[in-house]
Each structure stands twice: as C-alpha cells, then as structure tokens.
There are 2 protein chains.
Amino acid sequence: MVTMKDVASRAGVAQSTVSYVLTGSRRISERTRLAVEEAIAELGYHPSVSARTLRSARTQVLALALPRGGDGYRPTDGRFAIEVCDAARAHGYDVLMLTEREGVPGLRRMAGGGQADGAILMAVAVDDPRVAVLRELGLPFALLGTERAPGGRGADGAEDFSGAAPFADLDWAAAVELALTAAAGAGHTGLAYLPCAAEEVAGRKGYAVRGLAGAGAAAERLAGSTRVRLLEPPAPDALYEELLALLGDPRRPTALAVQHVVGVPTVLAAAEACGLRVPEDLCVLPIGMLPGDTAGRPLPRIELPVTEMTTAVTELVVAAIAAHGAGEDPGAVGHRLIRPALLDAQLLHAG
Amino acid sequence: MVTMKDVASRAGVAQSTVSYVLTGSRRISERTRLAVEEAIAELGYHPSVSARTLRSARTQVLALALPRGGDGYRPTDGRFAIEVCDAARAHGYDVLMLTEREGVPGLRRMAGGGQADGAILMAVAVDDPRVAVLRELGLPFALLGTERAPGGRGADGAEDFSGAAPFADLDWAAAVELALTAAAGAGHTGLAYLPCAAEEVAGRKGYAVRGLAGAGAAAERLAGSTRVRLLEPPAPDALYEELLALLGDPRRPTALAVQHVVGVPTVLAAAEACGLRVPEDLCVLPIGMLPGDTAGRPLPRIELPVTEMTTAVTELVVAAIAAHGAGEDPGAVGHRLIRPALLDAQLLHAG
DNA sequence: TCACTTCGTCGAAACGAATCGACGAAACGA
DNA sequence: TCGTTTCGTCGATTCGTTTCGACGAAGTGA
C-alpha cells in the first residue's frame, strides 16, 4: 500500500507537508505543491479513509435507513436510495445502507461505532421511535417524511412544524386535496379516494396518514356540491374484490384518486372487469407514483417529487452535521414541504 | 467517547486484555472476561470502527454498485439493494452504495481508499468494463448477472462458465425458453416474445441478451409446430403503438411472454384497447417480475428469485474475500445459476 | 544594522484498536 | 526440591492520517 510517507520521500518533503497539500489547511508554495502532486500521480496514491477518519473523527458517510424488503417493498424505495446516494456524493458523502430489519439497534450500532456523520430515515411514521433514538445518540439527521401527526394549519394556511425534526416531504395532504378538488372542478360529482395499504396506515406512515387527512379536508370542503367517498385502507388480498364492488355499483364514482400506488394496476384491472373504460367511464388519478411511470396509459396524476425530496433531505442533513460541528442545534435546520403539482390535468374532464 | 482504555481501567485490566475479550483471539479467564463485559455494559462502550479498520485492514463493508436512477430505474433494483443489505448483515458486513453515475471512477475511489473488502455489481452487461477494473484493483467481487456472452451449452446441457467471474443469476435463457415452450405445450399456436427495453438490449445487459438468446432457442426448437414471433426490443415511447399493431392484427399471437417487466401494464392496457380479454383472448406471461407482484390480476409467470440471488451473491463475495485473505484466487469461488420456475401454470391454457 | 513579522516547512504527538513478545504464577513430573 | 510447561495477562508497537508547536529563511521598517 502506498502511504503519505512514500509520497513525501518521493517528493522530498515531510509527510505533514503532503497532508497539507491534500487538505489545503495550510499555505503551501506552488513549487512544493507541484512536486507533491506529481509524486501522488506517479505512485498512484490514495489516502486511507480509515486513517483519515480515525484522526479527524469525520467519516464523510451518511447512513440511510431503508424500509423493509419482502412484501412491504415499494418500487419507490429503491429510486429514493439511488438518488439520495447521488445527492450525497455531490456533497462529498458516501452512503451506508441500513434496513428496517435491523431497526433501532442498527442505528445504535452505526452511531456507536462512529460509522456515519449523519443519518437519513426513509418511510417515517408518526412519532417514529427512531427519531427519539437519534436525538438521544446525538447523531445529526433528516427525515424523508415527517414524524409529526398531521395538525391544524396556522393563520397563513401553512402547517406549524416548529420543533419538528428536519425533514423533506411532498405535502401529501395538499396533494390529495388538490387531486379531489381538481376532479370536482372538472365536473365529476362522484369522487372516491383509495388510501395507502392498510399496513401502511396501521403503521402510521406519514404519507399514509397525511393523505387520509387531506382527503378528509377535501370531503369537508366539497360537502355542499360533491360526494367524496373515503375508501377503507385496503388489505392486499381484498383490494380487487373491494374495487369490483365499488365499480360494479350503479352509483359508482366517476373519478378515483389513488394514493395506494402499487394498487394502480389492480384498479385498472378491476375497471376493465367491470366494463368501464379509462378515462371515458372512470377517471383514475394516481398520487405519488414515480415520475415517468404512467402505468401504461396517459393518466392525470401527481407524481412523487423524488429528486426534489432527495436533494432537499441531503442538504438538510449536511446542514445539520455542520451545525453539530459548530456546536449549534442540528435540529434547527428547518424543513422542506413540497407543493404538489397536478400533471396532465386536461385528462380529468368528466365523461 | 468511551475507548478500550476506559473499559480497561474500569475493569482493572490492560487495554490489550479488553481487545482479546472482544476479538476472542486469545484465551481469557472467565473471571476477567466477566469483569470486562461488565465494564463494557456499564460504560456503554462501542468499538471504533475506523480504528479497528485501520489496524486490521478489514472494513467489514461491501460496496454495492447500483444501476442508474432516473429514467433507467427498474423497480427491482431497490428490492435487490435491500435484500443484499440484509444478506450482508447476516455475514457481519455493512453495505456502502455506489451508483452508476459514479461508474468506474467510483469503484476506483472505493478500492483506493480501502473503504470496502469486496464489491457486488448489479445490472451487469456482457463484457462489463467494471469487471476488468475490479480484477486490476485486486478487489474481491461477485456479480448479479454475468459478464459472459450467452454461449453454447456443453454435452450435459449446462453452459460453460469456466473462467467467468463469480456471479449469481436467474438462468434467463432457460426462463424464456421455459415460458415459450410451456405456452406451446398448453396449446397456443401463435406465440410472441417481448424482450427487454431497447436501451437494455443495446447496453448488452446480461438478462436482456440472455432472454433474447433463450427466445431464439425456443423459436428454433418449436419451429416445426409453432410460430414464435420475436418482437423488437421496444423504445419506451413506441411500445404502446407497437402493441396495438401486434394485437390488432387478426393473425395476432394468443400468448405473449413479456420479459420487459415495466411494460406489463402497457401490454395489459393495449390488450384492453384492442378489446382482448386477459387471459381468455390473450395469455400474458411475465418473466422476471418481483415476487408477489402479479400486476393486478392472476397471470402465469416466472418470478425474479430475488432472495436466492442476493443470498447467493453475498455468499460468493464473502467466499472471495476469504480466498483473497488466504492468498488464493478470489475468482475461483464459482457461480450460481438459478433454474426458473413457472408459477400458476394452469392459467396458461389456450382459450 | 537590528528587531520583528510572515511564510513555508518540519518533527512529533495524537486518534483507538490489534497483535507480538515477554513475563510472572500456577501446575506438573521426576 | 527443582526445572519445565502451560496459562493468563501486560506493555509496547503499529496502522496512516491530521494537526499543533516550532523553527529557519526571507521580507519589513526604523
């Protein structure tokens, strides 16, 4: 292995000088810098990450807590992971994966061993226990989704997140409300909302409960003019049958907002089975699908702003790390709530 | 930070003794061990990963090279990542993510800095340049997919992989061949095969070219009895129109094997648009979808054996690391080619 | 010319754990 | 009783960096 010592002797300088060239933490003359750089290139030197970490106590690594694999896997999860990784690299960080399977002990292990400077948590639930653990461990972090229960809005219409842990998220409540309101505005008089899977609602995942809250708000707001049916959070096996019952009924809705994204193909299959054409007979409006994924046909939709969320959450955790290093409060870096955008709204038009 | 020294003085022993208790590399008396363990628990000691790594030159980390995010993202990728992570933990390894975006320089950075003991590459292409780089770097590795071009089978019917880099993969050629042969056996006389996306074929991804090879073999084998149409690898935008042309033709196939998994919803939408009912008028047979993902309706299918692949590839890379450590050839740990299984075959029956 | 900066570089001391050689004490056989 | 082995523990060194204090050589002003 090539070390700084080798580079130093090759360049005819002290080992510490090589370090200064690399870190830039002291002025070095042009002549010396060039000699060192040449020696580095000639020897193919790469600094040892573990030695650097040991001495400096900075790992340049972020831990990313992924959700569960297996049945609970959602196609969006991997896309988030990849884009978080790219965003982190742009800030000079690598990303170490943790899975739901390891849970809280995994976070403890990581923080205890000093393997990461900060953490990003995916699939955050209301009052997520991991948040308390991270605070206790003193590890800077930011969340994808918030641990706050959906709450009342302030005077300016914005939700109050003071004291909440740093996070980036789509405003799911606003998204669902926008979808339903827009459908009503386009002339649909029978609306329905299909929430996330029962397991996600039961697990109080932020996106799931906030979507429900938004649907409730929309139902209330539209109460005078339009009926909004809030469907039960579906169990995977029961979804198809429930949809058949819903869509087979003569008083069926004409527009269906679907936050249960992995259920979109099932919705389309059920519609077909009931002899309904999409979009002529039934307007299907997915919320939170991956950008570019139009489920095989053009649909009005609200996509998941993956890149915005991942760049934002990365910036937040990087800022939290900096604050932590400066002795300030890493939890005070704020949050980013992303406004939903309705795409292909012209496809909403009622039959 | 609590260090071994603190534990040692608390337990009234030498620092080295604490180390021996932890690593188990020397006999320690029961009495001393208990005292040390108690001190560890009382102080909440966690060994410093960077110090351990620096001294022992073992990181207990695997690098996982993920495919590209953005447009090229496949829902399967994230599932692989999560399950690789779980499998690695079972062997005591953590997983550091690298993305396609960083490419070969990313691997060099990782290996140069000594950040990982081994690497796993996803979405491997024929003659993948990353393989040569890893060999050059002397970093143990295993692949998800093989870099070998599909080749002739030996006398025993098994493909010859001697000299190939260690890998785990579904036998994609056998999978496609099985799908088409089974469809023919179920009475279908007009078969078609939809390969992976044009971009994947052009990029010579192993699964894409091997699937095509299997389709070619099946077409040849069935030539006497059944016509097998091999469709062109579709461009994303053109897929729907091409399917309409295919399925709108009176001489349309009655069974369609679909390896282009993200295209399954599009296939179903096109079938519906042509007034075809699935499975009565058209048998759709997806190959390589995520386990449990039945695209919203029961379909005969060959699932992606994610867990088998990830556990196997992890075992291979762990074995390669061990071999490397023992001065043996890390490339000689073999491979695992997984036989495809056809699920819900009873749904194949021709209308 | 002399005191005094400023600049660039050097040597040495950490960081926390693994590991090697050494060394006392107990156990053993003769 | 004495030498010899075995067992358990200790001290010291090492891994490759970062970083601090120090120190000559130039540069500055009087």
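Numbers restart at 1 for each chain; the letters A, B, ... are given by sequence-line order, proteins then strands. Atom set for the values below is all heavy atoms of this structure, side chains included, hydrogens, waters and symmetry mates excluded.
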Distance below 4.0 Å between [X] side-chain N/O and [N] OP1 or OP2:
| X | N | answer |
| --- | --- | --- |
| Ser19(A) | dT18(D) | yes |
| Ser16(B) | dC10(D) | no |
| Arg27(A) | dG8(C) | yes |

Original post:
Does atom CZ of Arg101(B) have more than 12 heavy-atom neighbours, drawn from other residues, nucleotides or ligands, at distances under 6.0 Å?
Top reply: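 It does not: Arg101(B) CZ has 12 such atoms or fewer within range.
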
**OP:** Could you give me the CA-CA distance, side-chain angles and deciding distance for Gln115(B) and Arg109(B), then say whether side-chain contact (heavy atoms from CB on, under 4.5 Å) is met?
**Re:** CA-CA 9 Å; Gln115(B) 286 187 89; Arg109(B) 188 173 59 80; 3.9 Å; yes

How many whole angstroms separate atom [atom1] of [X] from atom [atom2] of [N]?
| X | N | atom1 | atom2 | value |
| --- | --- | --- | --- | --- |
| Tyr20(A) | dG16(D) | OH | P | 20 Å |
| Ile40(A) | dT17(D) | CD1 | P | 10 Å |
| Ile28(B) | dC7(D) | CD1 | P | 13 Å |
| Arg58(B) | dC15(D) | CZ | P | 19 Å |
| Gln15(A) | dA12(C) | CD | C1' | 10 Å |
| Leu22(B) | dA17(C) | CG | P | 9 Å |
| Arg33(B) | dC7(D) | CZ | P | 15 Å |

Subject >> Steps toward side-chain contact (heavy atoms from CB on, under 4.5 Å) verdict (Arg89(A), Asp94(A)) >> reply: CA-CA 6 Å; Arg89(A) 281 305 308 149; Asp94(A) 277 300; 3.7 Å; yes

Identify the two heavy atoms, one from [X] and one from [Y], that lie closest to each other, and give their separation to 0.1 Å.
| X | Y | result |
| --- | --- | --- |
| Met110(B) | Ala63(B) | SD-CB, 3.5 Å |
| Arg108(A) | Leu137(A) | CA-CD1, 4.1 Å |
| Arg148(A) | Ala164(A) | NH2-N, 3.4 Å |

For nucleotides 14-16 of chain C, print each protein N/O atom paired with a nucleotide N/O atom at under 3.5 Å, atom names and distance only.
from, atom 1, to, atom 2, distance (Å)
dA14(C), N3, Arg55(A), NH1, 2.7

**OP:** Mind running side-chain contact (heavy atoms from CB on, under 4.5 Å) on Thr59(B) and Tyr93(B) for me, showing each step along the way?
**Re:** CA-CA 8 Å; Thr59(B) 61; Tyr93(B) 284 87; 5.8 Å; no

**OP:** Report which part of the nucleic acid Thr53(B) touches: base, sugar-phosphate, or nothing (heavy-atom distance under 4.0 Å, all strands).
**Re:**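 Nothing: the residue Thr53(B), judged by heavy atoms under 4.0 Å, touches no strand.
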
**OP:** Report which part of the nucleic acid Val18(B) touches: base, sugar-phosphate, or nothing (heavy-atom distance under 4.0 Å, all strands).
**Re:**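 The answer is nothing, as Val18(B) stays clear of every strand by at least 4.0 Å.
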
**OP:** Take Asp86(B) and Thr99(A) through the test side-chain hydrogen bond (donor to acceptor under 3.5 Å, both in side chains) and record every step on the way to the result.
**Re:** CA-CA 7 Å; Asp86(B) 286 335; Thr99(A) 67; 2.5 Å; yes

**OP:** Take Val84(B) and Met97(A), measure what side-chain contact (heavy atoms from CB on, under 4.5 Å) needs, and give me the verdict at the end.
**Re:** CA-CA 10 Å; Val84(B) 162; Met97(A) 299 199 296; 5.6 Å; no

Subject >> Nucleotide pairing, DNA chain C (Watson-Crick or G-U, distances under 3.5 Å), in dot-bracket with [ ] and | >> reply: ||||||||||||||||||||||||||||||

Original post:
Would you say the side chain of Ser29(A) and the base of dG8(C) hold a donor-acceptor pair, judged only by whether the two atoms sit under 3.5 Å apart?
Top reply: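 Under the 3.5 Å cut-off, the side chain and the base do not form any donor-acceptor pair.
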
